[in-house]
Amino acid sequence: MIGEVTLTSGARAQYYVDAKRAILRPAGFAALGTLLATQLSDWRATAVGGMTMGADPVACAALAGGADVKAFFVRKEAKAHGLQRRVEGPALTPGDRCVVVEDVVTTGGSTLAAIEALHEEGREICGVISVLDRLAGGSAAIERAARAPYVALTTIDEVYPERPDRQER
């Protein structure tokens with residue numbers, strides 16, 4: 001979407017990428033599931049998820065795509081009632097190999113929060129995947145925090161190469 005918006009990080013941008021508009025349609029969901037299932041298998045992942053909302057459809061697409069993994073969602077903070085969990089879904093065990101997913105990465109703030117929550121629970125992260133990387137510096141921070149590889153299925157350069165803020169690479 002072209003036009004000024006405020007991103008999750010608080011930064012202002014002249015365009016917005018709403019990946020959910022593509023991945024929450026049958027063809028987009030199926031394609032994403034296939035791509036994720038392949039990468040998760042390559043990394044021998046046993047669990048997939050990330051910060052709730054951005055990661056929710058991505059993790060579910062992996063399951064629908066045939067990935068033999070557990071899905072989980074990370075809350076911004078633990079619930080004050082019920083089981084008072086921050087990481088929801090099937091119980092993760094010390095041997096689980098987690099992949100953190102996100103729809104769109106800019107600075108990586110949401111992804112970094114999910115990584116931190118998993119590390120606080122002693123979980124191993126074997127990789128991080130985003131549907132789209134805005135190429136705004138998040139990838140380096142994510143790889144450092146996860147201590148694992150980061151893969152973007154596509155980048156803003158591929159989706160919107162003529163954008164006004166594009167820096168020559």
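Just so it is clear, the values below take in all heavy atoms, side chains as well, and ignore hydrogens, waters and symmetry mates.
Under a hydrophobic-cluster definition in which Ile, Leu, Val, Met, Phe, Trp and Tyr are linked whenever side-chain heavy atoms come within less than 4.5 Å, directly or via other members, I2 and L7 are assigned to different clusters. At a threshold of 4.5 Å between side-chain heavy atoms, the hydrophobic network of Ile, Leu, Val, Met, Phe, Trp and Tyr places L36 and I115 in two separate groups. In terms of hydrophobic clustering, with Ile, Leu, Val, Met, Phe, Trp and Tyr side chains grouped at heavy-atom distances under 4.5 Å, V87 and L112 are assigned to a common cluster. Note on V100: it does not cluster hydrophobically with I129, by side-chain heavy-atom contacts below 4.5 Å among ILVMFWY residues. Linking Ile, Leu, Val, Met, Phe, Trp and Tyr whenever their side-chain heavy atoms come within less than 4.5 Å leaves Y150 and V58 in two separate clusters.
Side-chain atoms of R97 never come within 3.5 Å of backbone atoms of T46 as a donor-acceptor pair (strictly under, hydrogens ignored). Put simply, the side chain of S139 never gets that close to the backbone of L135: no donor and acceptor are under 3.5 Å apart. Side-chain atoms of R123 come within 3.5 Å of backbone atoms of L92 as a donor-acceptor pair (strictly under, hydrogens ignored). Panel note: side chain R21, backbone D18; no donor-acceptor pair is recorded below 3.5 Å. Side-chain N or O atoms of E121 include none that pairs as donor or acceptor with a backbone N or O of L118 at under 3.5 Å. The closest donor-acceptor contact from the side chain of S130 to the backbone of V104 lies at 3.5 Å or more, if one exists at all.
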Q39 vs L153, test: side chain to side chain contact (heavy atoms under 4.5 Å, CB included). Steps then yes/no.
CA-CA 10 Å; Q39 187 62 64; L153 299 178; 6.0 Å; no

The test is side chain to side chain contact (heavy atoms under 4.5 Å, CB included); show your working for D103 and L132 and say whether it passes.
CA-CA 6 Å; D103 57 353; L132 181 132; over 6 Å; no

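The side-chain heavy atoms of D157 and R163, taken from C-beta on, include a pair separated by under 4.5 Å.
With T111 as reference, V105 is the one residue of V101, V74, V105 to meet the side chain to side chain contact (heavy atoms under 4.5 Å, CB included) rule.
Sorted by first then second residue, the ring pair (Phe, Tyr, Trp, His ring centres under 6.0 Å) pairs that include residues 21-77, not counting sequence neighbours, number zero.
Annotation for E120: atom CD counts as buried by contact number, over 12 foreign heavy atoms lying within 6.0 Å.
Closest heavy-atom contact between P149 and C126: CD-O, 3.5 Å. When all heavy atoms are compared, the tightest approach of V69 to A45 is CG1-O, 3.4 Å.
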